[in-house]
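Heads up: the structure comes next, in structure tokens.
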Amino acid sequence: MMTAYLEQDIKFLAGVGPKRAELLEKELNIRTFRDLLYDFPYKHIDRTKFYAIKDIPRVDAYIQFRGRIVGMKKESGGNGSYRERLLVWVTDHTGTMELVFFKGLKYLSQNLKTGGDYVIFGKPSDYRGAINFVHPEMESADRREESISAVLQAHYSTTERLRNSYITSRVIGKLMVTLWQNMNGEVSETLPEYIVSRHKLLSLHEALFNIHFPQSAVLLQKAQQRLKFEELFHIQLRMLYLREERHSVIRGFNFQSVGAYFHRFYSEFLPFELTEAQKRVIREIRIDMGCGRQMNRLLQGDVGSGKTMVALMVTLIALDNGYQACIMAPTEILANQHFNTISQMLRDMGLNIALLTSATRKKGRQTIHAGLTDGGIHILIGTHALIEDVVQFANLGLVVIDEQHRFGVAQRARLWKKNDHAPHVLVMTATPIPRTLAMTVYGDLDVSVIDQLPPGRKPVKTLHYYDNRRGEVFAFMRRQIEAGRQIYVVYPLIGESEKMDYRNLEEGFEQIRKHFTEKDGFSVIMVHGKMSAADKDLAMRLFKEGKAQIMVATTVIEVGVDVPNASVMVIESAERFGLSQLHQLRGRVGRGADQSFCILMSSYKLGDNSRKRLETMTRTTDGFEIAEEDLKLRGPGDIDGTQQSGVPFVLHIASLATDGQLLMMARHTASDILSADPALTQPENALLAHELQQQLKTEINWSRIS
Ligand code: ADP
Ligand code: MG
């Protein structure tokens, strides 16, 4: 067994030592031999082909050749663009090549030897009509023999701090060689033999070897496949196991009846006909809450698809069965709005609905606490304040979490403790999430989808303007206001640049007020997170009642705000927003009968990725399509989106953007195994049971609630 060897502190690996160990831990989270072994390369480069110098092509790709150093020269750049450079000339029997270095000159001139043979690896560049190489990798040809041979060379991620301490990708590769050579035996298998053979996977040992030292392109691909599968499989197994466990162990409240509240509301107060999708989803939820199990359901629906109404009707079912319900929203504005909408719709139903946010005064708070414990309050609506421990319910039967990606895992888990029994839980997403992400992050939830918008919606027209055309945009805004419409203007607010962002917001606000003066009958208001709850509330009310025509805001209005008469959304510095955020913002308009517009303002200089985001926005309004595109653009390395959702794991090698098929395979495999052996007690599943226990031990049991 290799366990003991791999669990050693990384500082004990030859070539590491305490100083490098500290850096490796800080920068790459590598603490043990095992961590290093699982530090997978981010790319591989074909090093099978060597070029003769005279054949080196002008290509935009990495190539390699062999050569002997025949001369070196340091030059100062005078007052030019560089301070000093080192020129190195190498030859083979076909010609001579010039190499140029600007950095690390001291190290290079000490280590490169005239007369020495090297393998040179880099990108050819065109310099005054000839080819040279700038900062190629140099490897002494005889030292190269020492390492484990590989057809493709692994490249490892490093950081600037690591590189400054000379821990480059190459150095990590060398450590990997040392690690592997001393390992002296097999890495023990972590998947049962029957899975390995059924899916024709490489053994873990072969996979780890070939990911670091690929013996062929095919083996590399198989290594990646095995490691990705395993990563996805364990997640799926855990998700499905928890779901099974919940289904079999945890008793849910049995909401047998759909009764008076539901029916009365439906026949007397429903303000519009429900869409077919809303009806279907309500039915799914009703069945789920009435079968004796605890519901844990994800409600997906595009912006504006009418999730609030579903939440409301489902809440009434809880009340019909004699239970209390609570609806939790991520912002105060949204909680207020839900409270207003829902109170309004239920006003003649004789129900006691309370609002609890951090702005609730002490006295009101005490009244609410009392009302919750004696059962006097039927529905509680609020923000994070809901999950404070002092908030106790008489009999909480249902929790609806709106736009849940804003709640952290731990926060959700606390709701669980509100009852002896587990309340039913309905999690609603703000915008659709890609299928692969849903299966991974919410893989233990059942899913309902509202795939239809209320009738009569005209798709929002989306236009992209550069900042220099602001005049036209103002003129357009004026015409819209004259036609009776209202307008949002949104500014980004991002943690790191908060100060400047607030300044931009203030300046923007002033500029708009200069164009749209009170003298001319315009009223412009501003809303941002630093305002008091009362001020925010007032501003929102003014806007909602049509007393202000323009609302200048930060993304506090991103989620859920509903003002049907607002038909223009201007997004400033749109290039700084993520796709799902843009889509969410755009969802604030297009709710009334009029044609709505979303105007994306950006600077002229745009990166590739920003440009694609803006293009996607102007091309489509389909939230599901945008979600997929978002995942693709973020790429496998970016877990921002998943971090936001409070995912308690990081994918090291699999990518939700590109490994959808493997994910399906992993999920089916996990599901098959659990249906044959739900508690994983069969001997052939011992490895899986062990791995699962490890995982469950090390993480808070977050999925119980969501
Ligand atoms: P979201 O799913 O983004 O939370 P909301 O619940 O805020 O959407 O609903 C958006 C708007 O659509 C609200 O003004 C709501 O009253 C309205 N709405 C919801 N369902 C319907 C329907 N079936 N017919 C007409 N309008 C509806
Ligand atoms: Mg909503």
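Whatever order the structure lists ligands and atoms in, that order sets their numbers, starting from 1. Side chains are part of it too, since the values below use all heavy atoms of this structure and drop only hydrogens, waters and symmetry mates.
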Of all pairs that satisfy salt bridge (Lys or Arg N to Asp or Glu O under 4.0 Å), the ones with a partner from residues 473-484, not counting sequence neighbours:
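Listed by first then second residue: nothing to list.
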Using a 3.5 Å cut-off on N or O atoms only, is Arg591 in polar contact with ligand 1?
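Yes; at least one N/O pair falls below 3.5 Å.
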For ligand 1, which is the ligand I care about here, please tell me if Pro564 has any N or O atom under 3.5 Å from one of the ligand's N or O atoms.
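So ligand 1 has no N or O lying under 3.5 Å from an N or O of Pro564.
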I'd like to know if [X] contacts ligand 1, where contact means a heavy-atom distance under 4.0 Å to any ligand atom.
{"X": "Ser305", "result": "yes"}
{"X": "Gly304", "result": "yes"}
{"X": "Asp302", "result": "yes"}
{"X": "Arg457", "result": "yes"}

What are the atoms of ligand 1, with element, lying closer than 4.0 Å to any heavy atom of [X]?
{"X": "Val303", "answer": "3 (O)"}
{"X": "Thr275", "answer": "23 (N)"}
{"X": "Gln278", "answer": "19 (C), 20 (N), 22 (C), 23 (N)"}
{"X": "Leu274", "answer": "23 (N)"}
{"X": "Glu273", "answer": "22 (C), 23 (N), 24 (N)"}
{"X": "Thr308", "answer": "4 (O), 5 (P), 6 (O), 7 (O)"}

Gap separating the CD atom of Gln581 from the OG1 atom of Thr555, nearest 0.5 angstrom
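The CD atom of Gln581 sits 5.5 Å away from the OG1 atom of Thr555.
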Any ion pair linking [Y] and [X] (charged N to carboxylate O, less than 4.0 Å)?
{"X": "Arg280", "Y": "Glu284", "value": "yes"}
{"X": "Asp446", "Y": "Arg243", "value": "yes"}
{"X": "Arg611", "Y": "Glu575", "value": "no"}
{"X": "Asp402", "Y": "Lys307", "value": "no"}
{"X": "Glu629", "Y": "Lys632", "value": "yes"}

Testing Thr621, Thr616, Asp302, Thr620 for side-chain hydrogen bond (donor to acceptor under 3.5 Å, both in side chains) with His583, which one passes?
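In the set Thr621, Thr616, Asp302, Thr620, the residue that makes a side-chain hydrogen bond (donor to acceptor under 3.5 Å, both in side chains) with His583 is Asp302.
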